[in-house]
Amino acid sequence: MTKFYNVVTRKTVNKGDNDKHIYHKVGVVKVTNNGGWFLQLYHQPDTNFMIFPNHNDNLPVIDFEVHETE
């Protein structure tokens, strides 16, 4: 099952002695059944970023179909 994670920014507003945190959703991370990780940021429409682990091996080849990137 494809999973989605929210990408947010956090702003801290000082209200006297209390700090209030405001979260703004700026995108989503999608994890597909084939192991693909995709980042979509709302300020860059029609652009999907692929996420890979940081290591010295070659980048993995992910076999995905068209419907998984939409």
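Below, all heavy atoms of this structure are taken into account, side chains as well, without hydrogens, waters or symmetry copies.
- Taking every heavy atom of both residues into account, V29 and L39 meet most closely at CG2-CD1, 3.8 Å.
- Note: the hydrophobic cluster containing Y42 does not contain F49 (ILVMFWY, side chain heavy atoms under 4.5 Å, direct or indirect links).
- Here the CE-CH2 distance, from M50 to W37, works out to 13.5 Å after rounding to the nearest 0.5 Å.
- Side-chain contact between V28 and V7 is absent, with no heavy atoms from C-beta onward closer than 4.5 Å.
- Here the straight-line distance linking atom NZ of K30 with atom CD of Q40 works out to 8.0 Å at 0.5 Å rounding.
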Return a table of donor-acceptor pairs under 3.5 angstrom between the side chains of residues 15-22 and protein atoms on other chains or two or more places apart.
from, atom 1, to, atom 2, distance (Å)
H21, ND1, T12, OG1, 3.2

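- Clustering of Ile, Leu, Val, Met, Phe, Trp and Tyr by side-chain heavy atoms under 4.5 Å joins V8 with Y23.
- What you find for N33 and T2 is that their closest heavy atoms are OD1-N, 3.5 Å.
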